[in-house]
J.: 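Sending over a structure as structure tokens; questions will come in a sec.
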Protein chains: 2
Amino acid sequence: MAVTLKEVAERAGVSRSAVSRTFTDGASVSDVMRRKVEKAASELGYSPNALASSLTTGRTKLIGLVSNNFHNPIFLEVFDLFTRGLQDRGLRPLLVNLSDEVEPENSVRMLRQYSVDGVVVASSTLPSGFAKAFRDAGVPVVHSFGRYSSAPEVHVVGIDNREAGRLAARTLVERGYTQVGFMGGPETATSTQDRYTGFMSEISAHPNIDVSYSFAKEYSFDAGREEMLRLLKNRPAQAYFGGDDVLSIGALSAIKDSGLRCPDDVGILGLNDMEMARWNNINLTTIHQPIPQIVSSSIELMVATLAEGDRYPEARIFSCSVVERGTLRPAPKA
Amino acid sequence: MAVTLKEVAERAGVSRSAVSRTFTDGASVSDVMRRKVEKAASELGYSPNALASSLTTGRTKLIGLVSNNFHNPIFLEVFDLFTRGLQDRGLRPLLVNLSDEVEPENSVRMLRQYSVDGVVVASSTLPSGFAKAFRDAGVPVVHSFGRYSSAPEVHVVGIDNREAGRLAARTLVERGYTQVGFMGGPETATSTQDRYTGFMSEISAHPNIDVSYSFAKEYSFDAGREEMLRLLKNRPAQAYFGGDDVLSIGALSAIKDSGLRCPDDVGILGLNDMEMARWNNINLTTIHQPIPQIVSSSIELMVATLAEGDRYPEARIFSCSVVERGTLRPAPKA
DNA sequence: ATGCGCAATGCAACCGGTTGCAACGAATCT
DNA sequence: AGATTCGTTGCAACCGGTTGCATTGCGCAT
């Protein structure tokens, strides 16, 4: 069906090498030759087979984009940014949905079968073993939204979730809340663990503050709502740091349904600053995570790693900031 | 880096054909041979290069998944369902983001370079020329969420948007509204056009009903909010059919901010039934579109088309239904 | 014992490209 | 004019597999 190199060569009356060379830049081809070949090629509608050429060049320009976050709306933006950013650099995202996987083996094998040039793991909930499994298989890997470490074993780009936890705690304390709660996502996610650690360490510097904590089953509206309903049954704290926006919105829904008001009765602080957070029927005060920066930095790092062969593992951390909206008491005037 | 067929053959002391055959099912290999090869393969950690084999077999198991809907939350679910469904059948989605493209040429060329076995166009806003361009390039294509036609030129799976428009109109009329409005998405999208046509045709059967219409700039919260603010400045209708949930939620926000109440002052009917529609701080009455069924049917159709070679173009239409929530007057008792 | 069918195996060509190497011709240098 | 250089081109081998065909060896019927 498709037109091949050979047919173009025959039509142009030149060797196959000549055709190949006109389509690989940096090769030595004369102008007349180039014109002959291009004429034949366009007449036949030829375009080179990327997969065949990958056999000899060793590069496919395929990048595995693996994630398990297909229920958190912020990841639609993440996928948008990744796909566009990769495309703009001539790379092709091969999307892998790891939603139910616990072992990295299958996906590692699959991506190796397709000879991907690199892998981007875009997830805050996958264990770090996944990224390492790719590295061990000799595939360049960037873990976006992964766990920050001061001795990274693979490239990591994201925020320092411990610092985010501290920021959350500091924010609640500043606002004058004396009974605060950490309502985290699933306890197995490193992002949850780190936010918890940071939150608690900051609170422990304020001995007069009462603190409690609990974990929702997953990062979802329903899980957040359910967990908050449970918390409201006993005596709730004055304000909670919800593990994530979608969880926090679920919590808001629970508060509203219980006849309480936010922030007057219970305050909520989210994390991510996803689009819905600013919808005025939600209006969630939240910690902003700089998604576009994280994604574009991840792509740059991937591109650089592909160019350099192997590159020393690196962690890139972006800072977060509080976005003032309506679910937390205002800060006292300075 | 990677282990090749040849190395396995040498280690097992057999021919390369033998190794190849043990990894392609249906080939004739004796048990002892198979065991020898498998032993050598597992010792070396061999797995076959899918791209190399595609050269001779002509199948890559790569499916282009092209879309331009990276801002509508329902598409996260769509991507989730597509990636899982394709993976489960051994197919690999190559994601293409067409957000800013107007011409199909580039993507057609790119996907042909990667020899995709088929293309799924998942979009309600791409002109149907995109799907046709793939067909014309000889690539099997399924257009999901595309425009239904009784003489389809490519496979189409989705809802009948005209019927959805009629259903919306019928619903508003049933509820006793006498001044109704159609607040559509971008006028260039076939989904908008068809919903408009259906809505108007149904209303025209009720000469006592006042009808107005307008179009938002895009399918987004902000566009919906802006358009509704504009509508509320003049004398608004009693109820609107919003072109889509996210648009409708924007409209709700405008209504709320204008000090009006929904549904008492202005009613809103959405379309899609996306997750946020049931969040109780939104609670949008909407027309449900059966996404999982559309996706899985699209995948089945793609698989069947791949198996059959060429298959007569087919349209698969799913029905919609109203989901009762809080933004429309209740129906009168029958 | 002979002949036959059949499953198992290897050889070699092929898929659609790339690339090292040698050959060639023209331009430059001495 | 002869030697040297350099850019351009084709040949042929190779990338990692698959597959048609011929060969081999075996079991079985006669």
Side-chain angles (χ1 to χ4, degrees), chain A residues 1-41 44-62 109-117 138, chain B residues 1-41 44-62 109-117 138:
Chain A
M1 183 74 225
V3 184
T4 73
L5 190 79
K6 197 175 141 205
E7 305 175 52
V8 177
E10 278 164 9
R11 179 172 194 113
V14 300
S15 74
R16 288 158 57 222
S17 330
V19 180
S20 173
R21 283 194 256 259
T22 61
F23 284 94
T24 53
D25 34 27
S28 141
V29 203
S30 70
D31 277 359
V32 282
M33 170 65 85
R34 157 157 282 126
R35 258 189 291 277
K36 260 196 294 186
V37 170
E38 276 169 354
K39 179 156 172 290
L44 295 171
Y46 170 76
S47 69
N49 181 328
L51 268 25
S53 76
S54 82
L55 260 191
T56 42
T57 60
R59 321 223 88 173
T60 53
K61 302 200 168 180
L62 251 24
R109 184 155 36 80
M110 191 238 105
L111 286 171
R112 287 196 38 187
Q113 288 184 337
Y114 280 84
S115 315
V116 293
D117 287 348
Chain B
M1 183 76 224
V3 184
T4 72
L5 190 81
K6 196 176 141 206
E7 305 175 51
V8 177
E10 277 164 9
R11 179 171 194 114
V14 299
S15 74
R16 290 159 54 224
S17 329
V19 180
S20 172
R21 282 193 257 259
T22 61
F23 284 95
T24 52
D25 33 29
S28 142
V29 202
S30 71
D31 278 357
V32 282
M33 170 64 87
R34 156 156 281 125
R35 259 189 291 275
K36 261 197 294 187
V37 171
E38 275 168 355
K39 180 156 171 290
L44 295 171
Y46 169 76
S47 68
N49 181 328
L51 269 25
S53 76
S54 82
L55 259 193
T56 42
T57 60
R59 320 223 88 174
T60 53
K61 301 199 170 183
L62 250 26
R109 185 154 34 80
M110 192 239 104
L111 286 172
R112 287 196 37 187
Q113 288 183 337
Y114 281 84
S115 316
V116 293
D117 287 348

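Here is how names work: the chains are called A, B, and so on, in the same order as the sequence lines, proteins then strands, and each is numbered from 1.
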J.: Quick one: does A:V14's side chain get under 4.5 Å of A:V19's, heavy atoms only?
T.: yes

J.: For the helix from C:dA1-D:dT30 to C:dT30-D:dA1, what angle separates the axis at the start from the axis at the finish, each from five pairs, in steps of 10°?
T.: 50°

J.: Go through the structure and list residues passing side chain to side chain contact (heavy atoms under 4.5 Å, CB included) with B:E7, not counting sequence neighbours.
T.: B:V3, B:T4, B:L44

J.: The criterion is ring pair (Phe, Tyr, Trp, His ring centres under 6.0 Å); which residues satisfy it with A:Y46, sequence neighbours excluded?
T.: A:F23

J.: How long is the span from the OH atom in A:Y114 to the OG atom in A:S54, to the nearest 0.5 Å?
T.: 12.0 Å

J.: Determine which pairs satisfy side chain to side chain donor-acceptor pair (under 3.5 Å) with at least one residue from residues 32-41 of chain A, sequence neighbours left out, and list them in order.
T.: A:K39-A:E43

J.: Please tell me which of B:T56 and B:G13 maps to the more 5' nucleotide of DNA chain C, matching each residue to the nucleotide holding its nearest heavy atom.
T.: B:G13

J.: Please name all residues satisfying side-chain hydrogen bond (donor to acceptor under 3.5 Å, both in side chains) with A:T60, sequence neighbours left out, ordered by chain then number.
T.: A:D117

J.: Quick one: list whatever passes side-chain hydrogen bond (donor to acceptor under 3.5 Å, both in side chains) with B:N49, sequence neighbours left out.
T.: none

J.: Which of residues 16-28 of chain B have a heavy atom under 4.0 Å from DNA chain C?
T.: B:S17, B:A18, B:R21, B:S28

J.: Please tabulate, for side-chain N and O atoms in residues 24-31 of chain A, each donor-acceptor pair with protein atoms closer than 3.5 Å (sequence neighbours left out).
T.:
unit_1	atom_1	unit_2	atom_2	d
A:T24	OG1	A:S20	O	3.4
A:T24	OG1	A:R21	O	3.4
A:S30	OG	A:M33	N	3.3

J.: To the closest 0.5 Å, what do you measure between CG (B:L62) and CG (A:L51)?
T.: 7.0 Å

J.: Mind checking the CZ-CD spacing from B:R16 to B:E10? Nearest 0.5 Å is all I need.
T.: 9.5 Å

J.: Among residues at least two apart in sequence or on other chains, which ones pass side chain to side chain contact (heavy atoms under 4.5 Å, CB included) with A:S15?
T.: A:S17, A:A18

J.: How long is the gap from OG on B:S53 to CD on A:Q113, to the nearest 0.5 Å?
T.: 8.5 Å

J.: Rounded to the nearest Å, what distance is computed from the CZ atom of residue A:R34 to the C1' atom of nucleotide D:dT9?
T.: 14 Å

J.: Could you tell me from which nucleotide to which nucleotide of DNA chain C, 5' to 3', there is an atom under 4.0 Å from chain A heavy atoms?
T.: C:dG16 to C:dG20

J.: Give, ordered by number, those residues of residues 4-11 of chain A having at least one heavy-atom distance below 4.0 Å to an atom of DNA chain C; if nothing qualifies, reply none.
T.: A:T4, A:L5

J.: To the nearest 0.5 Å, what is the distance between OG on A:S115 and CZ on A:R59?
T.: 12.0 Å

